[in-house]
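In what follows, a single structure is set out as structure tokens and then discussed.
In this text the structure is predicted, and so the values were computed from the model without any measurement. No hydrogens, no waters, no symmetry mates; every other heavy atom, side chains included, goes into these values. Each ligand, and each atom within it, is numbered from 1 in the order the structure gives.
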Amino acid sequence: MAMATTCSHLSSSPFFHSQISKTPFLHHALSTRRQPNSPSLLRRLSISSSSASSAVEPVTTSQKQTKTLPFRIGHGFDLHRLEPGYPLIIGGIDIPHDRGCEAHSDGDVLLHCVVDAILGALGLPDIGQIFPDSDPKWKGAASSVFIKEAVRLMDEAGYEIGNLDATLILQRPKISPHKETIRSNLSKLLGADPSVVNLKAKTHEKVDSLGENRSIAAHTVILLMKK
Ligand SMILES: [Zn+2]
């Protein structure tokens, strides 16, 4: 789903707010303020990396978890519409194609779902809530900014990447000529050894929007290990 839709849809969702109160880690992290569900607290999850002068505090995760697990698993999913006139950016690499992703940021479906996998493993809100599309500073932002923040949160929580397995789903263009470049760049962005970052790609058998070259999707599963 496009970040714009993800954010606006979920940030106002009762489900999201009920999940906050059910999540000991996040509830604890947020309980330092008076109202766990208030927009100001959600805003605190926004980062200030693009603006040193920003007054927004980065979220702090260290020593906040009520339960320390040796491993944490996260899953991420993302989908974007493909439209003519936009670049197709996958894993930070510009892939030649006759269309690309229309999105608030650069529409990098792979990096978005990797960010969501990391955030999910940490028990944090999703990418749409941490980088809201209502904030103009994320318009056209390179998604590497989101990856760097997710890695910072992971480090702060005391975890490192065990391994990551991602699957891209798109009908065209063929990803095989670009796969190693994408995988290598993703490893670099994550600060992870390339041997623990796996990337697969498949078509959608010409059915539905994915198979008709009208959208692109990605899944990621990640294992985090306590440092
Ligand atoms: Zn996205």
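Checked against the Zn ion (ligand 1), the N, O or S atom of H80 at the shortest distance is NE2. The name of the N, O or S atom in D78 nearest to the Zn ion (ligand 1) is OD2.
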Can you list the steps and then say if K227 with D155 is a salt bridge (Lys or Arg N to Asp or Glu O under 4.0 Å)?
CA-CA 9 Å; K227 284 193 268 193; D155 284 343; 3.5 Å; yes
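Judged by the 6.0 Å and 45° rule, K226 forms a cation-pi pair with Y159.
No more than 12 heavy atoms of other residues, nucleotides or ligands shown are found within 6.0 angstrom of NZ on K202.
Metal site remark for the Zn ion (ligand 1): H112 contributes an N, O or S atom at a distance under 2.8 Å.
How far CG of L82 is from CG of L170: 7.5 Å, rounded to the nearest 0.5 Å.
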